[in-house]
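Working notes, beginning with the structure itself.
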Amino acid sequence: MTASTAISPARSPSRPPTTATRPGFRPAFPWLALPATVWVLATFAIPTAILLASSVLTYDGATLTGPLTAANYAELFGNGYFRSVLWETVWMSGTVGCVCMTAGLSVAHFLVRSASRLRTLVLLIVISPLVSSVVVRTYGWLVLLQDDGLVNKALLAAGLIDSPVPLIGSRFAVILGLAHVLLPFAVFTAMSSLQSVDPRLELASRDLGAGPVTTFHRITLPLIRPGLIAGFTLTFAISLGAYASAAVLGGGRVQTLATLVRDRMVVSLEWGQAAAISVVILAVGAVTVSALLVIGRRSRGRRG
Amino acid sequence: ACTSTSVDDGEGDVLLVEGYGAEYQQLFEETIAKPFTEKTGIRIQYTAGGSASEQYAAIRASKGNPGFDVAVMTSMELYQGGIDKLLAEVTPEQVPNLANLPPKLREHTYRAGAIQEVQQVVLMYDRKAFAQPPTSWNVMWEPRYRSGTLVFNPANVLGVYAMLNAAELDGGGIDDTAPGFSRIAELAKHALATPQASAEAVPFMQKGTATAFPYFDGRAAIYARTTNYDYTVPREGTYALLGALGIPVGAAHKEAAYSFVDYWLSADVQRRWALAYNVGPAITGLDFPAEFAAKHITTPEQLERTRIADAAKVMRNRTAWGQQWAEAVR
Amino acid sequence: MNTRVLRAALRHRGTWIILRGVLLVLILAFIAVPMLMVVWTSIQPDTYPAFPPSGLSLRWWSAALTREWLLPMALSAQVALGSAVCALVLGSAAAYTLARGAGRGRRFLEGFLAAPLLLPEIVISLAVVQLVSVLDARRLIGPVLLVATHALIGIPFVLRTVGVSLLGVNPVWERAARDLGASAWRAFYTVTLPLMRSGMFAGALFAFIVSFNNVELSLFLTSRDANTLPIRLLQYMEYQYSPTLACVAVTSVVGICAIAGAASRFVRLTDFIHGEST
Amino acid sequence: MIAPTRTSAEPSARASEAGTSGGFGVVLRGIRKQFRAAVAVDDLDLDVRPGEFLTLLGPSGCGKTTTLNMIAGFLTPDRGRILLDGQDVSRQPPDRRDTAMVFQQYALFPHLTVGQNVGYGLRMRRRRPEEIRTLVADALQRVGLAGREGDAPGQLSGGQQQRVALARAIVVRPKVLLFDEPLSNLDLKLREQLRLEIKHLQRELGITSVFVTHDQTEALVMSDRIAVMRAGRIEQLGAPEQIYHDPVNSFVAGFVGQSNLVTGTCTGAGPEPTECTVRLPGAAHPVRARVVGAGPPEPGASVQLLLRPEALRLVGPTDPPAPAGVTLDGRVTEVVNEGSVATVVVRVAESLRLRVAVPDPASRGIPAPGGEASVVIPSGIARALPS
Amino acid sequence: MIAPTRTSAEPSARASEAGTSGGFGVVLRGIRKQFRAAVAVDDLDLDVRPGEFLTLLGPSGCGKTTTLNMIAGFLTPDRGRILLDGQDVSRQPPDRRDTAMVFQQYALFPHLTVGQNVGYGLRMRRRRPEEIRTLVADALQRVGLAGREGDAPGQLSGGQQQRVALARAIVVRPKVLLFDEPLSNLDLKLREQLRLEIKHLQRELGITSVFVTHDQTEALVMSDRIAVMRAGRIEQLGAPEQIYHDPVNSFVAGFVGQSNLVTGTCTGAGPEPTECTVRLPGAAHPVRARVVGAGPPEPGASVQLLLRPEALRLVGPTDPPAPAGVTLDGRVTEVVNEGSVATVVVRVAESLRLRVAVPDPASRGIPAPGGEASVVIPSGIARALPS
Ligand SMILES: Nc1ncnc2c1ncn2[C@@H]1O[C@H](COP(=O)(O)OP(=O)(O)OP(=O)(O)O)[C@@H](O)[C@H]1O
Ligand SMILES: Nc1ncnc2c1ncn2[C@@H]1O[C@H](COP(=O)(O)OP(=O)(O)OP(=O)(O)O)[C@@H](O)[C@H]1O
Ligand SMILES: NCCCCNCCCN
Ligand SMILES: [Mg+2]
Ligand SMILES: [Mg+2]
């Protein structure tokens with residue numbers, strides 16, 4: 001299980017800083033963040049930095065040796081198969097991000113804006129996947145999507161197909177599984193950014209003659225754009241490196257960067273390559289995230 | 001030894017063995033572990049790890065000190081371990097019974113372990129679909145059967161051997177795999193599934209949807225008893241997978257490990273294990289029921305006929321084959 | 001249908017509401033059905049669950065409730081507990097500084113502490129394995145590193161939940177306490193801490209769940225002594241396809257739900273969604 | 001006796017003066033709205049006359065906002081009908097009603113410029129861009145923000161933001177302007193200034209307006225008529241003078257303006273049919289009081305009198321003669337001097353303390369606490385309220 | 001000329017009356033505090049006398065809260081010294097200073113009961129539980145909340161919560177009570193009531209108090225002395241009457257109370273040394289004005305006159321004779337009637353509009369807009385301010 005909603009959602013732009021967050025009042029215990037910082041450095045920042053470095057060194061068996069070389073990258077990018085997996089992973093992650101963002105927004109909109117009594121139930125359903133591991137949920141998909149699973153049975157019964165469609169091992173299954181795993185986080189991100197939009201703005205828009213669709217399109221959407229971007233970024237970045245869904249639902253036929261890392265690590269024992277692929281995942285994630293953040297900030301900046 | 005502190009406290013010696021799970025583990029406990037402990041007093045702790053390559057990855061990642069003493073792997077990993085110098089040398093000095101191994105098998109130990117079983121790739125087929133047992137790998141490509149075949153992923157060695165077998169059909173081989181992949185590409189258009197693990201084939205047998213597909217004889221025998229499937233070795237011959245035992249260089253209980261390997265290679269254990277797991281023994285010339293002998297590699301002649309892939313080539317090409325396979329089935 | 005007509009239809013309140021309702025139901029089904037599938041698989045008799053179901057049976061449960069599964073489950077619980085405690089302590093402390101701090105340093109620190117979420121966990125796992133190999137510290141693989149890395153991704157959850165509850169702690173309260181004679185520490189202990197308790201609770205619970213269910217981070221960090229439940233399940237799926245898996249899954253889900261249910265008597269678990277992020 | 005103190009002509013007259021057709025108006029009939037447990041608005045009838053500036057005044061939670069939201073269409077009444085300009089709009093969504101609301105927190109779209117905010121309603125009405133430009137410029141001009149089209153709302157001060165919100169509402173020339181406490185967020189000085197600006201603009205455009213506030217001064221100063229609400233009902237509806245001087249009950253009297261509400265005993269009917277005489281504790285003569293609401297009380301019954309502090313006169317030993325009326329002698333217990341006016345509390349009897357407002361205390365002088373003082377109740381100022 | 005309108009005796013005298021030692025007081029010397037760009041408090045000197053109720057009054061952002069926070073110890077001054085009761089506490093943390101603050105948003109601990117809130121300071125001082133119980137009960141009794149120990153703060157109304165906050169502050173008997181706009185969150189009526197309660201309590205206990213507000217009425221009504229601040233500095237420090245009637249400049253005049261600030265020309269020194277005569281546009285005679293602050297202006301110089309609206313008198317054709325003074329004739333341009341008082345704007349000349357407050361307009365009557373009216377500036381009320 002991965003992910004969270006930690007990317008800051010849209011801060012409502014008009015809100016002035018509270019006295020507490022203004023400079024001048026020093027926090028009582030400024031060093032309290034130190035232990036966590038050290039922890040993150042030790043278990044994350046330093047190992048990752050070394051991994052980055054090792055991708056430009058050479059492995060001799062299990063031992064790292066010099067000299068600096070771009071061989072791992074040359075080999076990767078010289079390989080058409082790798083490029084196609086790279087492209088496919090990015091493409092699938094993008095799709096997952098879009099699906100999560102859209103579906104998450106619909107659910108969040110209901111949860112935040114509706115007064116329905118069903119809200120609690122919906123919220124419970126949204127939260128429910130969090131309590132089970134990705135393996136469990138993937139297993140559920142496996143049962144659903146297999147050749148004589150519910151989906152195929154339903155399609156057959158409906159006469160839409162006349163022999164079972166192999167769904168397991170398709171990109172479709174992987175995207176479905178990933179979207180399922182990540183949807184709750186997209187919902188939460190969208191919720192918190194929707195909550196920062198004053199409902200009176202929507203009322204004002206309706207009052208000025210805009211219908212619900214126009215209001216959503218012209219008022220709500222622009223205001224929550226940074227939050228949506230954050231939701232997309234989060235789900236996209238996690239999809240890039242998600243292993244379990246791709247491995248199980250991909251049925252070995254759908255390769256992603258993550259399954260490739262594991263293969264290189266475990267099956268073919270090419271650790272240098274594994275490190276280099278990790279760097280590629282990192283780079284794709286970092287580039288996308290920062291590009292989107294810039295776009296998000298710009299759309300916020302325009303508001304002054 | 002630091003990794004094993006939790007298990008070898010007191011009560012005599014302990015040996016940490018890591019191998020496959022499921023029925024392999026069950027059989028191992030009954031057929032090997034229990035009698036071994038009775039005989040030597042050494043307790044065996046068996047853990048189901050991942051596949052053979054995962055076992056070796058653990059050895060390599062730990063620079064030969066993965067926290068277990070013996071790994072159940074294949075000859076491929078022995079080869080790699082020999083090169084990496086991460087597996088302890090295993091010679092008849094430490095393991096006298098090694099001397100009984102036929103030369104053809106000895107050479108595939110790379111002095112880095114022992115072969116304890118010979119699995120062969122067989123053709124598993126649906127008794128209902130075939131009046132007579134099929135005699136050629138070619139049946140999988142026949143329009144009647146191709147929609148019930150399985151195309152194994154070469155991430156699993158079974159997939160590698162299946163590909164090699166396919167290549168041989170069109171005059172290719174380990175040095176010319178192109179025909180194999182073009183056959184896979186053709187088959188993938190119709191095949192029932194592209195499993196990664198042999199376990200994934202089970203449902204197709206239980207539901208009777210599979211027609212014919214390659215399988216290892218160990219598991220094949222189990223399902224030949226419990227389902228309506230049977231297995232055979234086609235006339236083109238086949239490849240064998242050499243089950244192997246390796247001892248990481250950093251193993252804490254090396255002495256016990258050697259005696260364990262020696263024990264497994266002893267004649268009656270070999271016979272017992274072969275019968276239990278339905279594989280060929282590593283020692284030829286043992287006495288087997290005729291029915292059993294017909295289906296598994298028990299004689300020097302059978303061994304001679306069976307192809308054994310060159311581990312060096314397999315290891316070298318594993319990644320490339322994986323990619324070619326993925327492109328073929330895409 | 002041209003867009004004009006479509007737009008006119010959408011402007012009609014009823015159509016709009018029905019459309020949204022249908023979409024919502026589909027999404028919720030998408031979330032819920034796979035989960036229900038698992039539950040159902042565990043209580044039906046067939047190895048390969050068939051449609052329509054052939055009956056009800058508890059036969060798979062006898063295999064699920066054995067040492068083989070209960071041990072990894074227990075280990076997962078221990079690791080999850082350990083990492084939740086670490087994440088709670090580290091995360092709450094940092095959240096306090098973040099909530100009371102300001103400026104660029106704060107933004108940077110916030111980003112730094114949340115960064116592990118944006119990196120594929122499989123990469124982190126690999127990086128950690130590599131580092132301990134380089135340092136010859138492989139013996140740390142197993143519970144120690146599982147706890148350490150799981151805490152790493154628990155921290156952002158705690159940061160958020162505690163941060164949200166700290167948003168509700170007016171700094172003026174702390175000032176009032178100081179003003180009434182409490183030292184900085186006593187003000188924190190008597191005023192701030194009790195008020196951030198619910199956020200800490202929720203954060204710890206999330207950290208626990210995230211660790212308990214973790215796959216990617218654990219992938220290279222489990223050892224023979226320490227195999228967590230999700231990894232065990234994953235490995236098992238490579239060997240066998242059996243509804244026993246579903247039983248194990250249901251057991252662990254029920255366990256977590258029980259914990260969450262008990263916890264929700266003290267905190268509102270949805271709190272962390274509300275308000276701005278930390 | 002109500003002096004012609006209003007600057008306003010009759011509202012309907014004004015509306016037609018301003019060139020609008022004069023046919024607009026809001027009619028609420030039997031409106032009821034319930035939230036879970038609470039009945040927010042209860043069987044409310046209200047006629048807002050075309051062109052009129054009507055204020056809903058009342059304490060927090062009395063249902064003002066709920067009423068306004070039902071007129072705007074944000075809420076649907078559980079019962080009853082709402083007519084805008086004669087048409088039943090009870091079930092229409094807000095975008096189909098020709099109303100425009102000015103919100104307390106401005107509710108400006110933060111991602112749009114001032115110009116885009118003001119032009120929003122016109123764009124929704126599919127006006128041509130050039131036309132929008134002209135109308136927006138005109139509206140901004142009217143609220144004193146000419147040329148600020150390009151600014152972001154966040155750059156403006158609170159008062160300016162509320163002016164933009166006002167421009168955004170008037171630019172679509174709605175049939176009804178709705179205001180929900182638009183000035184509560186502003187400083188006193190700014191509030192006083194904007195009160196007048198809004199009032200002038202409304203009068204100029206002649207748009208029927210419903211204004212919600214809980215600030216009685218605001219209501220008194222701005223409105224053509226005031227509806228005083230309590231617990232979802234209208235207690236009194238009338239011109240500001242009427243509300244102030246002739247409140248129908250003690251709730252209205254207490255809510256609007258400072259007041260002495262004192263209890264006395266009815267001694268008989270007054271000389272006029274709508275009057276009665278009331279004896280107050282410590283008073284030598286009974287006080288003549290106009291009876292508001294119900295008929296005159298029975299002699300001997302206890303009666304509540306409303307005496308506005310500013311209408312009472314203080315007579316010190318040295319003061320000039322006071323106007324004719326009833327004089328009560330007492331002792332000063334407290335003096336609160338606000339500079340422009342001081343409130344002197346005089347204890348006449350144990351059960352009778354009177355607050356007397358003394359304007360310009362600096363030049364008129366006020367007694368010290370503890371000293372003796374006489375309070376004159378000038379004739380004609382007392383009102384007897386139903387208790 | 002300032003009438004003896006205060007109820008208060010001299011503050012220091014009161015303090016000793018109340019039994020406290022009388023030695024307490026706050027002294028600020030050369031205090032300066034800067035935040036990034038902004039200088040919040042600039043070279044401030046202030047002596048708060050023992051037992052005195054001193055108010056810091058000023059517009060938003062003038063540095064009131066910053067000053068208070070430095071006295072409490074929440075902020076450390078960049079420069080200067082703070083003495084509490086003669087001791088330099090400039091570098092002491094808040095818990096080492098014997099101050100107690102009442103905050104605008106009450107700042108009650110939401111997880112503690114009313115009793116625990118009030119007892120908090122005593123607990124920090126490690127008093128015995130029984131003693132705490134007694135003292136808490138006494139403090140709650142004083143603020144009219146006897147027996148409410150067990151309630152949660154959230155169950156109380158805003159006014160009650162602020163009373164609890166007050167009890168929490170006084171129960172520790174601090175040397176200085178600090179108030180940061182404690183009433184701003186309350187409704188007008190409640191605010192007026194609590195003003196008096198706080199004032200009475202402070203007087204009873206004799207605790208030196210510093211009170212921050214931007215509400216001039218509050219300051220005028222409650223304070224012994226007022227310090228009017230602007231941009232981090234004190235503009236004027238004095239008794240409320242002094243601030244109101246003799247503001248040292250137009251800022252203070254404009255900030256405190258309603259005012260007409262009109263420009264005239266000095267025609268010469270007045271009969272008294274501190275007076276001058278000023279000619280206003282449209283006036284037949286010059287106005288005699290007391291000069292505040294600097295010396296009398298040169299003849300011919302332009303002078304700003306402060307004329308309080310309530311001190312001006314309106315003379316209609318039918319009105320009784322006005323007091324002696326200068327009469328200006330003009331035309332009524334606007335009338336704003338608040339009920340108890342109406343403001344009439346009279347345009348005397350293009351550059352001279354005067355706001356005149358007419359108390360009790362109902363009985364006195366007010367002119368209609370557009371009508372003619374004369375404004376009398378009674379002698380003695382004008383002040384000439386340095387411009
Ligand atoms: N959406 C709602 N859900 C439940 N109760 C509500 C809702 N809106 C209003 N109420 C209740 O209805 C009553 C009237 O509320 P309303 O907002 O109309 O009062 P108001 O007069 O505008 O008060 P205020 O001056 O505080 O704005 C109150 O008791 C309020 O609590
Ligand atoms: N912590 C801070 N950081 C930066 N600037 C501050 C801080 N506190 C106050 N200021 C600035 O210092 C100046 C004085 O602020 P202060 O809060 O003392 O004003 P105030 O008189 O209390 O105003 P108000 O009536 O709005 O409360 C203002 O310009 C304010 O913006
Ligand atoms: N990755 C290759 C492992 C193949 C070994 N299969 C053995 C089957 C054990 N049941
Ligand atoms: Mg309201
Ligand atoms: Mg302040």
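The model shown is predicted, which means the values in this text are computed figures rather than measured ones. Letters A, B, ... are given to chains in the order of the sequence lines, protein chains preceding strands, and every chain is numbered from 1.
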Name the region of [X], side chain, backbone, both or neither, that has any atom closer than 4.5 Å to a heavy atom of chain D.
{"X": "E:Ile243", "result": "neither"}
{"X": "E:Thr217", "result": "side chain"}
{"X": "E:Ala357", "result": "neither"}

Among residues 251-260 of chain E, which residues come closer than 4.5 Å to chain D, judged by heavy atom distances?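 Listed by number: E:Gly254, E:Phe255, E:Gly257, E:Gln258.
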
Within the side chain of [X], is there an N or O that forms a donor-acceptor pair under 3.5 Å with the backbone of [Y]?
{"X": "D:Tyr244", "Y": "E:Ala362", "result": "no"}
{"X": "E:Gln161", "Y": "E:Leu156", "result": "yes"}
{"X": "E:Gln162", "Y": "E:Gly159", "result": "no"}
{"X": "D:Lys64", "Y": "D:Thr213", "result": "no"}
{"X": "D:Gln104", "Y": "D:Pro182", "result": "no"}
{"X": "D:Arg191", "Y": "D:Leu186", "result": "yes"}
{"X": "D:Glu275", "Y": "D:Ala289", "result": "no"}

Among [options], single out the residue with the greatest number of heavy-atom pairs under 4.5 Å to chain D.
{"options": "E:Leu196, E:Ile381, E:Asp187, E:Val332", "result": "E:Leu196"}
{"options": "E:Arg308, E:Glu338, E:Gln216, E:Glu192", "result": "E:Glu338"}
{"options": "E:Glu218, E:Lys189, E:His214", "result": "E:Lys189"}

